[in-house]
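Structure first, commentary second.
Computed from a predicted model, the values in this text were never measured in an experiment. Letters A, B, ... are given to chains in the order of the sequence lines, protein chains preceding strands, and every chain is numbered from 1. Only this structure's heavy atoms are used, side chains among them; waters, hydrogens and symmetry mates stay out.
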4 protein chains.
Amino acid sequence: MTHLRSASASETVDRAGARRRPGGRTERIRLQVIEAVLLELVESGYDALTVDAVAARAGVHRTTVYRRWRDVGGLLADVVDAATGTDWEPESTGSLRGDLTALNRQIEAALTGEPPVTAALIAASFRSGKASRALQRFWDDRYTRFEVLVRRAAERGEIPAATHARHVLVAATAPLYHHFVLLRMPPEPGLADRAAAAAAVAAVAGAFTDAPQNLP
Amino acid sequence: MTHLRSASASETVDRAGARRRPGGRTERIRLQVIEAVLLELVESGYDALTVDAVAARAGVHRTTVYRRWRDVGGLLADVVDAATGTDWEPESTGSLRGDLTALNRQIEAALTGEPPVTAALIAASFRSGKASRALQRFWDDRYTRFEVLVRRAAERGEIPAATHARHVLVAATAPLYHHFVLLRMPPEPGLADRAAAAAAVAAVAGAFTDAPQNLP
Amino acid sequence: MTHLRSASASETVDRAGARRRPGGRTERIRLQVIEAVLLELVESGYDALTVDAVAARAGVHRTTVYRRWRDVGGLLADVVDAATGTDWEPESTGSLRGDLTALNRQIEAALTGEPPVTAALIAASFRSGKASRALQRFWDDRYTRFEVLVRRAAERGEIPAATHARHVLVAATAPLYHHFVLLRMPPEPGLADRAAAAAAVAAVAGAFTDAPQNLP
Amino acid sequence: MTHLRSASASETVDRAGARRRPGGRTERIRLQVIEAVLLELVESGYDALTVDAVAARAGVHRTTVYRRWRDVGGLLADVVDAATGTDWEPESTGSLRGDLTALNRQIEAALTGEPPVTAALIAASFRSGKASRALQRFWDDRYTRFEVLVRRAAERGEIPAATHARHVLVAATAPLYHHFVLLRMPPEPGLADRAAAAAAVAAVAGAFTDAPQNLP
DNA sequence: ACTTAAGCGAGACGGTACGTCTTGTCTTACG
DNA sequence: CGTAAGACAAGACGTACCGTCTCGCTTAAGT
């Protein structure tokens, strides 16, 4: 999975507890809880995400959750953080348009896949400052990783050297998030490709340089 | 304001109650409550939007709110609906890029203005299916109104006649919503203009026709 | 029925409204409502006796009930009053014990009959001052009527002339009310007869004269 | 006080919670609440006995009361149970009439004393099945304890050996409850003594044997 | 291996908000 | 004029979660 994913396979820093006793029960419980949060989230939605339900599903006592994560926001933040930093190496297709298309297809897959972990986490992050900040860290991490796509295109001479990488990426990917997260519309054929192509065209035309020259 | 705005100035259909007794107390109370929802929302945020607080601020009894709006979702839906359908006539600047830029500047103003009604409502709509559907109606209404911009550009011969209007509009506006609502980043100079320009360039290049021809 | 009974057959004074329009809708509605109160009472109990349910069952609007009876207590009071004053002529069996036994059997029948109107009204009367006072009027009316039993026994020379009639009656009947209303126990064979016999024995022995002489 | 009395002095089984942590806060809160129920009952009456008022007076939160007692009926049941089983040893005066008179005077004192705890609890018990059953347990406990009076009289040869103790006791005490609880009349001199004397006379005459012989 | 203290299970609590129910008042409209 | 229709204020109800606390018990970590 390109984006947010289960913590059970991750090697994250432990924000909630600083890993004092990594050896046994403590760590096992953390993984059970994180897993339970994701399951609750995709099954019942961000609104039914109660500490009680998470604790019950994780087979852990309520107080244990409160002791380590403090509140629901802490849980969400930990889950998001668990997905942040997952290694991701963009494929190289040889062209900016191709690279962006590949990226967008991965994003679309993440947003439309079942269970809808990514969409659920984005929605949930609106309900907590902690989760919101964790999500910001996640976005920043992702877009920083993606920038290599644009740099490679610049190195190939496809686009102006002064092209602002982040702008290209946002132009290419924003329509997908808009479509699935805000408009909440069903998948639409060609959406990912079209958005990637449009961003590539604009980038080639120099629309994302810091000082764009004359454009149509 | 281009986007969501106070119900007190709107002429909406009354979804919650169908205006049986338009004459007096009933309608007055509706306006008090709608206003209170907006104030609560921008002051305390979507999570503090409780029926109790709304009722108290509106100077109305809790049960009255429950009777007419059923729950928080109903309140939000009514508020969003109250903003839907507000007349909006896009300015004509003579070029697609100019029109999209003007549009984007209005959207940016709506998203960054104080109080941040629009952003708050979008965020809040994640808390309720009813509110979510109302927001979908709102988006649809907006984008349908905006389509005239693209049609005029096609009539002028700026862009291919087969250009899909909604795609152009999403490409132009999505980066703004992405930036302010999902990434929650501060205003960035040139953002609105750049997104508009990029979408215009791509549209001219034919990236939004149903069968895009060879693009770079 | 000896005791409290349906208003529909009674000819009572109208305390709540004073029979302004005995002929038509007004009186008809009163009877419908009184009947509905009794039905609700015996079906659902004193606790489920809501004005809404009564009005619905009577086919009358809530406001009509409130206008005429003011509140639940008023309804109950009217129902009790409707049962007060029903003509009752005690049978004469020729002996005090026989008369009291006949009386007790009637009381037992009223308390154990289905539907348990009497018991329900007594219980309900605890919840309203108005109903409570109405019930006191009812008790007083009943015991006054019963006194003739004791007077006849005195005239026959069965018991001392100075016997206090009310005391005899209470001694005879109280065990029944105690058993069915307070102890809420099931019918017990011989209960009514035994209580009547005991009271008669005591009366003959002079236990209910104002200044009882030497008793065992 | 002979009858129902404050829980703070009782040694009852804890029906609501089984006394898991007898040492501290839990038990202290129980006593506060029970005390508050009694105070509310005698001050404001059975109808004003709301969980909110009890909680406020006990200095405890609403939810705590709901958690442990479930509803008003549970509260009342616990209060009644707290009074059940209080040790009571009937005085021996040497004669049945004397014993019954002493008993009746205690009952009268309980029913007319200030605050009128007993009468209030009896009335309140009509509001709840749970309270009603608790009161039945209470009555049964009381009458079982009183039976020794009758047995002693039988042993002394005052009354037939086959005399049914419970019948004698009901005949003696029922008029008091009738007078104060159902008729709601003011105290009347001689009432307690007269009822006791009448029951004693009837018992001596054999009115309460299972097969009463010829009586007047 | 043996202590020792971190972490967990259990469960009550104060507290906020929920959404429902009933009461009794009021206003408007109808016949 | 009396009734129907229905909104309203008031307030209790019983529930669900939240986050806190205290008390024992388990168990991993450091000696």
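- Listed by chain and number, the residues in a ring-ring contact (aromatic ring centres under 6.0 Å, His included) with Phe126(B) are Phe126(A) (sequence neighbours excluded).
- Rounded to an integer number of Å, the gap from Arg28(C) CZ to dT3(F) P is 10 Å.
- Near DNA chain F, meaning a heavy atom under 4.0 Å from it, residues 43-58 of chain D has Thr50(D), Val51(D), Asp52(D) in order of number.
- The ring-ring contact (aromatic ring centres under 6.0 Å, His included) search around Tyr46(B) returns none, not counting sequence neighbours.
- Taking atom CZ of Arg127(D) as the reference point, atom P of dA12(F) lies 12 Å away to the nearest angstrom.
- Looking at Asp78(A) and Arg68(A), no side-chain N of the basic residue comes within less than 4.0 Å of a carboxylate O on the acidic one, giving no salt bridge.
- If you take CH2 of Trp69(C) and C1' of dT22(E), they are 19 Å apart, rounded to a whole angstrom.
- Interatomic distance, Leu76(C) CG to Leu49(C) CG, rounded to the nearest 0.5 Å: 5.5 Å.
- Listed by chain and number, the residues in a side-chain contact (heavy atoms from CB on, under 4.5 Å) with Ser132(A) are Gln136(A), Arg184(B) (sequence neighbours excluded).
- Looking at heavy-atom distances under 4.0 Å, Arg67(D) makes contact with a base.
- For Tyr66(A), whose side chain is taken as the heavy atoms from C-beta onward, the closest listed nucleotide among dG14(E), dG19(F), dG7(E) is dG19(F).
- Between Glu40(B) atom CD and dA17(E) atom C1' the separation is 13 Å, expressed in whole Å.
- Each of Val72(B) and Thr63(B) was assigned the nucleotide of DNA chain E with the nearest heavy atom; the assignment lying further toward the 5' end belongs to Val72(B).
- Summarising the geometry, the separation between CD on Glu27(D) and P on dC13(E) is reported as 11 Å, rounded to the nearest angstrom.
- Residues satisfying the side-chain contact (heavy atoms from CB on, under 4.5 Å) test with Leu39(D), not counting sequence neighbours, are Glu35(D), Arg57(D).
- Atom pair Arg30(A):CZ and dC8(E):P shows a separation of 12 Å (rounding to whole Å applied).
- Residue pairs satisfying the salt bridge (Lys or Arg N to Asp or Glu O under 4.0 Å) criterion with at least one member in residues 121-134 of chain D, sequence neighbours excluded, are listed as follows: Asp71(D)-Lys130(D).
- When each of dG14(E), dG19(E), dA10(E) is scored by its nearest atom to the side-chain atoms of His61(A), the top-ranked nucleotide is dA10(E).
- Atom-to-atom, CZ of Arg68(B) to C1' of dG19(E) comes out at 18 Å; the value is rounded to the nearest Å.
- Across all strands, Arg62(B) comes closer than 4.0 Å to base atoms (heavy-atom distances).
- Judged by closest nucleotide on DNA chain E, Gly59(D) is the one of Gly59(D) and Gly73(C) placed further toward the 5' end.
- One cannot find a donor-acceptor pair under 3.5 Å joining the base of dG9(E) and the side-chain atoms of Thr64(A).
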